[in-house]
Amino acid sequence: MEKREQMYEGKAKKVFATDDPNLCIVSYKDDATAFNGLKKGTIAGKGVINNRVTNYLMGKLEAEGIPTHFVEELSERDTLVRRVSIVPLEVIVRNIAAGSFSKRFGVQEGTDLQCPTLEFCLKDDDLGDPMVNEYHIYACGWATKEEVETIKDITFRVNEYLKNYFAAIGILLVDFKLEFGKTADGKIVLADEISPDTCRFWDMETREKLDKDRFRRDLGNVEDAYQEICRRLLGE
Ligand code: TMP
């Protein structure tokens, strides 16, 4: 399958059309941004790692019966996916308080949450991805009630599976962000990526951060952290 015209360029990936109207190719970049694009940089080799890690995890989730957009890894940075219209919501799950949750609610980073939480944010950089609730989603038509139920159900299943999977390789899944797409026939599938860009991963023993917080917070050893996640997951 060959890349045809570029359909879209995001902050971390490009999306290309293919000759099949139901398929497109995502191409992972090394570009990194934080704070809705205010902080910019590159993380050498990030695109290759995020492509591998995402596809590996999507494959595992598919095997668990979770529908995803993943079709086939084409190369180091390129993956064939089902063409979907992206639901304009970021779905955030948290197991341990960190980041904006700690800031907003005054809960110390690292506090275990008594149950997983779920937040919806509107995908709109100009507005700073504001948090929205289900009433907002229905009122503005960003998704239907049925779609939101499906999204919540898939999201918590993904959390349970990934939490256990990462625990087995000595990593705490602190929180993560998912995005969903709708296929031409109206089916909701997991889309976008699952990577150190979109998850917080802490080493279980040392609580060392192994994710994009190293870039966001200028902690150094950013590339090493991404490589460590790849190594623990895929052994490479
Ligand atoms: P937050 O604590 O900054 O709200 O982030 C929660 C999780 O969502 C964290 O794992 C990082 C991820 N995330 C993204 O993938 N994209 C974003 O734009 C933001 C703000 C967070």
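In listed order, ligands and their atoms are each counted from 1. For this chain, numbers begin at 1 and follow the sequence in order.
Here is the list of ligand 1 atoms found below 4.0 Å of a heavy atom in C199: 10 (O). Every atom of ligand 1 is numbered from 1 in the order shown, and the set under 4.0 Å from a heavy atom of F176 is 10 (O). Below 4.0 Å from some heavy atom of D197 lie the following atoms of ligand 1, by number and element: 15 (O). In summary, the atoms of ligand 1 found under 4.0 Å from a heavy atom of G99, numbered by their order in the structure, are 2 (O). Residue contact check: E90 has heavy atoms under 4.0 Å from atoms 17 (C), 18 (O) of ligand 1.
The closest heavy-atom contact to atom 8 (O) of ligand 1, among the options E119, K177, M131, E179, comes from K177. Nearest to atom 3 (O) of ligand 1 by heavy-atom distance, out of R200, K103, R216, is R200.
The shortest N or O to N or O distance between R94 and ligand 1 is under 3.5 Å. Residue contacts with ligand 1: D175 is placed with a nitrogen or oxygen under 3.5 Å of a nitrogen or oxygen of the ligand (distance criterion only).
Between R4 and D19 there is a salt bridge, with a side-chain nitrogen of the basic residue lying less than 4.0 Å from a carboxylate oxygen of the acidic one. The pair R200-D211 does not count as a salt bridge, with every side-chain nitrogen at least 4.0 angstrom from each carboxylate oxygen. Ion pairing between a basic and an acidic side chain is recognised when a charged N comes within 4.0 Å of a carboxylate O; K123 and D192 show no such pairing.
The protein non-hydrogen atom at the shortest distance from atom 4 (O) of ligand 1 is S100 OG, 2.5 Å.
In this structure, a donor-acceptor pair under 3.5 Å is absent between the side chains of D20 and T18. In this model, no donor atom of one side chain and acceptor atom of the other lie less than 3.5 Å apart for E109 and S102.
The local environment of CZ in F35 is crowded, with over 12 non-hydrogen atoms from other residues, nucleotides or ligands closer than 6.0 Å. Heavy-atom neighbours of K39 NZ from other residues, nucleotides or ligands within 6.0 Å: above the threshold of 12.
R214 contributes a side-chain N or O that, together with a main-chain N or O of K209, makes up a donor-acceptor pair within less than 3.5 Å.
Within the 4.0 Å cut-off (strictly below), a protein heavy atom is located near atom 12 (C) of ligand 1.
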